[in-house]
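Read the structure below first, then the notes.
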Amino acid sequence: MKHMGTKKIVYSALMASLIAVATMIIHIPSAFHGYIHLGDGLVLMSSILLGPLAGSAAAGVGSMMADLLSGYAFYAPVTLIVKALAAMGAGLLYKKLTSKSGSITFRLFPFLSAGMICSGIVTGGYFLFELVVYGKSAALLNIPPNLVQNVFSLITAGTLLPFLLSRKEFKDLSFQKKK
């Protein structure tokens with residue numbers, strides 16, 4: 001398709017906006033300077049729907065914008081990096097595990113594997129940041145809420161992805177080769 005580059009940019013910007021909104025709309029404060037939200041489910045989805053590169057850009061920018069607009073500006077730079085890396089890792093793993101099938105469909109094992117990578121990078125990234133900024137006790141205190149956040153992310157993405165991956169619009173954007 002001739003306009004695939006433009007279309008992918010538009011979908012990436014739309015996904016970044018959706019991530020920001022999903023992060024801000026349900027906003028449950030956690031133990032120490034964090035909050036539980038639905039945005040991380042879309043972070044994972046962005047890497048699967050748009051591919052590792054476009055998905056990581058959408059994930060990082062959308063999550064960072066949510067922090068900036070929600071009064072967590074101090075976290076915005078680390079959020080940009082952590083969420084982009086999480087989406088990149090998840091997207092690369094999903095791509096590798098599904099590349100032999102030649103079609104973009106929902107696959108449970110690759111999805112769960114990518115979700116675990118995404119969750120691990122997010123939890124680990126924020127743990128390292130909070131360890132440096134707040135110390136060991138505070139960093140450890142935020143691990144359980146981050147794990148709860150990861151479960152919500154997998155549920156959100158796992159509920160929406162089968163439907164979205166069946167849509168022609170996302171098959172056209174797929175990073176996988178067509179038969």
Identify the two heavy atoms, one from [X] and one from [Y], that lie closest to each other, and give their separation to 0.1 Å.
X: Leu85; Y: Ile121; result: O-CD1, 3.7 Å
X: Thr23; Y: Gly39; result: OG1-CA, 3.3 Å
X: Ala58; Y: Ser46; result: CB-CB, 4.5 Å
X: Pro162; Y: Ala157; result: CD-O, 4.3 Å
X: Ala87; Y: Ser56; result: CB-CA, 3.6 Å
X: Ala90; Y: Ser47; result: CB-OG, 3.7 Å

If we only count heavy atoms from C-beta on, is the [X] to [Y] side-chain gap below 4.5 Å?
X: Phe111; Y: Leu161; result: yes
X: Val61; Y: Ile19; result: no
X: Met88; Y: Leu53; result: yes
X: Cys118; Y: Val43; result: yes
X: Asp67; Y: Phe74; result: no
X: Tyr126; Y: Ile143; result: no
X: His37; Y: Gln149; result: yes
X: Leu97; Y: Arg107; result: no

query = Any chance CE of Met24 has more than 12 other-residue heavy atoms, nucleotides or ligands included, within less than 6.0 Å?
reply =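 Check passes, neighbour count above 12.
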query = Under a single-linkage rule joining Ile, Leu, Val, Met, Phe, Trp and Tyr whose side-chain heavy atoms are separated by less than 4.5 Å, which residues share a cluster with Val148?
reply =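 Listed partners: Val21, Ile25, Ile26, Ile28, Ile36, Leu38, Phe152.
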task = Let me know which of Val82, Thr79, Leu42 forms a side-chain contact (heavy atoms from CB on, under 4.5 Å) with Ser63.
result =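 So, applying the side-chain contact (heavy atoms from CB on, under 4.5 Å) to Ser63 and each of Val82, Thr79, Leu42, only Thr79 qualifies.
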Drop me the distance from [X]'s [atom1] to [Y]'s [atom2], to the nearest 0.5 angstrom.
X: Leu141; Y: Tyr134; atom1: CG; atom2: OH; value: 12.0 Å
X: Ile9; Y: Leu14; atom1: CD1; atom2: CG; value: 13.5 Å
X: Leu112; Y: Tyr94; atom1: CG; atom2: OH; value: 10.0 Å

Out of curiosity, does [Y] fall in the hydrophobic cluster containing [X] (side-chain heavy atoms, cut-off under 4.5 Å, transitive links)?
X: Leu147; Y: Val151; answer: no
X: Ile48; Y: Leu108; answer: yes
X: Leu140; Y: Leu131; answer: yes
X: Phe163; Y: Leu160; answer: yes
X: Phe127; Y: Val122; answer: no

query = Taking only residues two or more places apart in sequence or in another chain, which ones pass side-chain hydrogen bond (donor to acceptor under 3.5 Å, both in side chains) with Thr123?
reply =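 Per chain and number, Thr123 pairs via side-chain hydrogen bond (donor to acceptor under 3.5 Å, both in side chains) with Asn150.
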request  = Test Leu154 against Leu44 for side chain to side chain contact (heavy atoms under 4.5 Å, CB included), laying out the working first.
outcome  = CA-CA 8 Å; Leu154 288 172; Leu44 176 57; 4.0 Å; yes
request  = Examine distances only and state if a side-chain atom of Lys8 and a backbone atom of Leu50 form a donor-acceptor pair shorter than 3.5 Å.
outcome  =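 Yes; at least one donor-acceptor contact below 3.5 Å.
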